[in-house]
Amino acid sequence: MVVQGPLTIVRFGSCGSICDAKTGDVIIADSAFGINRNYDYFDTHTGAPYRLSSLEASDKELADHLVQQIQGHKVGRDIVRGAVGNADSFYGSQGRTGDDFYDDNDTLIQTIHEQVPSAVALEMESHMLFHLARMSTGRLNDRPPSIRAACALLVFADRSGNAFISPEMSTQMVIAATKAVFDALVNDSPTQDNLHPSIGSVWESKI
């Protein structure tokens, strides 16, 4: 057992938009998928240079709480929901092109849209969190999952329009969104029932 009691995780960070979302918008991940470099391809040139996993769903109730709080705190301009691609590197597997390495990724973003029509953004964390939540041991005992996870992302880069967020807008959004994420967590767990005991935990020594 990972924890004694429920564990709720919100991945809060930045992303690059591959849809109509612009810098200053917020993306809520309804699901996530992995994007992995196929190392064998670069030796044999068989198969595809990148592999896309199946979708892992976020916790819908927690994601809905995030939307409500982000709207209430007036974070950003618009909220976009969809599937988020999680790459195993910052460059090649996210379709960033250049001459320093042979990545064969010129058509990767097009391939992503073809295989995952609901794809809206690229980042690197939420897919594994969603997968671990789905695999949490509560499901083996006919109980709710012991881990639930959702994801809120600020669009720092518009990959379609090659635009980037300003430092001033970034600071404003991070402050407002942080409050929204914490309020979403509070609303998602309105009582203190069944929480992990503080004795022997990192919360035992309170400052």
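- Linking Ile, Leu, Val, Met, Phe, Trp and Tyr residues whenever their side-chain heavy atoms come within less than 4.5 Å leaves V155 and L122 in two separate clusters.
- In this structure, R148 fails the cation-pi test against F130, since its NZ or CZ atom is not both closer than 6.0 Å to the six-membered ring centre and inside 45 degrees of the ring normal.
- No more than 12 heavy atoms of other residues, nucleotides or ligands shown are found within 6.0 angstrom of CG on D20.
- Linking Ile, Leu, Val, Met, Phe, Trp and Tyr whenever their side-chain heavy atoms come within less than 4.5 Å leaves V80 and I18 in two separate clusters.
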Test log, rule side-chain contact (heavy atoms from CB on, under 4.5 Å), inputs N105 and Y50: CA-CA 8 Å; N105 64 353; Y50 298 89; 3.8 Å; yes
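- The structure places CG of N36 at 9.5 Å from CG of N86, a figure rounded to the nearest 0.5 Å.
- Taken to the nearest 0.5 Å, the CD1 atom of I70 stands 13.0 Å off from the NE2 atom of H65.
- Summarising the geometry, atom CG belonging to N187 is positioned 13.5 Å from atom CZ belonging to F182; distances are rounded to the nearest 0.5 Å.
- A distance of 7.5 Å separates OG of S166 from CD of Q172, quoted to the nearest 0.5 Å.
- At a threshold of 4.5 Å between non-hydrogen side-chain atoms, the residues I27 and R81 do not count as touching.
- Atom CG of residue D78 and atom NZ of residue K22 lie 11.0 Å apart, to the nearest 0.5 angstrom.
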Could you go step by step and tell me if E56 and H127 meet the side-chain hydrogen bond (donor to acceptor under 3.5 Å, both in side chains) rule? CA-CA 7 Å; E56 291 279 2; H127 176 254; 4.8 Å; no
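- Using a cutoff of 4.0 Å between basic side-chain nitrogens and carboxylate oxygens, D103 and R96 are not scored as salt-bridged.
- Following chains of ILVMFWY side-chain contacts shorter than 4.5 Å, one cannot reach L153 starting from M124, and the two form parts of different hydrophobic clusters.
- Ionic pairing of D25 and R77 is not present here: no N-O contact between side-chain nitrogen and carboxylate oxygen is shorter than 4.0 angstrom.
- Comment: K60 engages D64 in a salt bridge, judged by a side-chain N to carboxylate O separation of less than 4.0 angstrom.
- When the side chains of ILVMFWY residues are joined at heavy-atom separations under 4.5 Å, either directly or via intervening members, V75 and I165 end up in a single hydrophobic cluster.
- M128 CE: 12 or fewer foreign heavy atoms inside a 6.0 Å radius.
- With a 6.0 Å radius and a threshold of 12 heavy atoms from other residues, nucleotides or ligands, Y102 has its OH atom above the threshold.
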When you look at T178 and F12, which way does the side-chain contact (heavy atoms from CB on, under 4.5 Å) test go after all the steps? CA-CA 8 Å; T178 299; F12 168 51; 3.4 Å; yes
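- Under the 4.5 Å side-chain heavy-atom criterion for grouping Ile, Leu, Val, Met, Phe, Trp and Tyr, L185 is connected to L154 within one hydrophobic cluster.
- Ring centers of F156 and F164: at least 6.0 Å apart, outside the cut-off.
- One distance of note links OG of S118 with CG of D30; it measures 8.0 Å at 0.5 Å rounding.
- Side-chain contact between D88 and I35: absent, with no pair of heavy atoms (C-beta onward) separated by less than 4.5 Å.
- The shortest side-chain heavy-atom distance between V84 and S126 falls under the 4.5 Å cut-off.
- Put simply, the side chain of S89 does not reach to within 4.5 Å of the side chain of R37, judged on heavy atoms.
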For the pair D188 and T8, evaluate side-chain contact (heavy atoms from CB on, under 4.5 Å) and give the outcome as yes or no after the intermediate values. CA-CA 9 Å; D188 185 69; T8 303; 3.9 Å; yes
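- There is no side-chain donor-acceptor pair under 3.5 Å between D100 and Y91.
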Show your working on side-chain contact (heavy atoms from CB on, under 4.5 Å) between N162 and D158 and close with a plain yes or no. CA-CA 5 Å; N162 199 32; D158 173 5; over 6 Å; no
